[in-house]
Amino acid sequence: MQFDLSTFLLEIVNFLILIWILQRLFYKPLLAVIAKRKQFIDQTLADAKTNQQEAEQQRSLYENRQKLWEQEKQSAIKELHQQLDAERAAQLTQLKVDLEQERQKVNVALLRKQHELQLQTEKQALENAAKFAGILLKQTAGPELETRLFTLLLNELTHLPEACRLCLQTMGTKKSVPIKITSAYSMNHEQQLQLEQQLSGQINSPVNFQYFQDAELIAGLRLDIGAWVLNANLQHELIGFAELANASE
């Protein structure tokens, strides 16, 4: 095989031309593509780094928000417990007040019941005492006791009461003043004269004395002068005793 210098030189020229063509038509576009690709990769890496930083920031914000939410939750739970404790304490206080009011009402009702029972007992005792006194006085009363009550009545009639005077003033236009005298026992003539003198001396008008007897008075007298009544008898006292029992209700 012979070495051909011209051929060798042509091949070198061809090679150089090929290199120029490759560099002109292939390497530059390839380098541009590679550069563009590298720029894209760098941009992608930068974006990824930015996204990673943003993700870290979001994660940090989320963690902070989670911690803050946990603190808020604990604070809300604590506040709720405080409100529940306050509400429970208020309800307990109100319950104590209600129970105390109910206890006072019960005590008042018991005291009222006891008072009513006591009044009922006292009333029954007064009624029984009045009945017993009535029975006893009916068995023991007699003319002697009526004589004492008559003497007491004369002493009381030394001056007529104001109510009797007013009653006589309203009757002043009449010709005579009717006076009804009722006694448990029959009055003798001397007693009638004493009583008539005592009354006539204090009444300027003529007097019409009317005498009656009523055993229900037990002992004593009752004077009826118009609308005015003067009692000096045991029946009236017993009635007053019974009215006292009724007034104690």
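Start at 1 with the first residue, then count along the sequence. Computed from heavy atoms alone, side chains included, the values below leave out hydrogens, waters and symmetry copies. Predicted, not measured: the structure shown is a model, and the values here were computed from it.
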Problem - Sequence-distant partners of Glu56, side chain to side chain donor-acceptor pair (under 3.5 Å), two or more places apart - result: Arg59
Exercise for the section: Answer yes if the side chains of Gln91 and Glu87 hold a donor-acceptor pair under 3.5 Å, and no otherwise. Expected result: yes
Practice task
State whether a side-chain donor-acceptor pair under 3.5 Å links Gln74 with Glu70.
Solution key: yes
Practice task
Answer yes or no: is there an ion pair linking Arg222 with Asp224, defined by an N-O contact shorter than 4.0 Å?
Solution key: yes
Practice task
State which residues pass side chain to side chain donor-acceptor pair (under 3.5 Å) with Asn188; sequence neighbours excluded, sorted by chain then number.
Solution key: none
Exercise for the section: Spell out, as yes or no, whether a donor-acceptor pair under 3.5 Å connects the side chain of Glu146 to the backbone of Gly220. Expected result: yes
Problem - Heavy-atom closest pair, residues Gln192 and Met187 - result: NE2-O, 3.6 Å
Handout entry: Sole residue of Lys38, Arg37, Gln43 in side chain to side chain contact (heavy atoms under 4.5 Å, CB included) with Ile41
Key = Arg37
Problem - Connected via hydrophobic side-chain network under 4.5 Å: Leu217 and Tyr185 - result: no
Exercise for the section: For the pair Arg103 and Glu100, find out whether any cationic side-chain nitrogen is under 4.0 Å from an anionic carboxylate oxygen. Expected result: yes
Problem - Residues, nucleotides or ligands: over 12 heavy atoms within 6.0 Å of Tyr62 OH - result: no
Practice task
Check the hydrophobic clustering (I, L, V, M, F, W, Y; side-chain heavy atoms under 4.5 Å; chains of links allowed) and say if Tyr211 and Phe150 are grouped together.
Solution key: yes
Problem - Sidechain-backbone polar pair: Thr44 side chain, Phe40 backbone, donor-acceptor under 3.5 Å - result: yes
Exercise for the section: Can you sort out the partners of Asn64 under side chain to side chain donor-acceptor pair (under 3.5 Å), two or more places apart, ordered by chain and number? Expected result: none
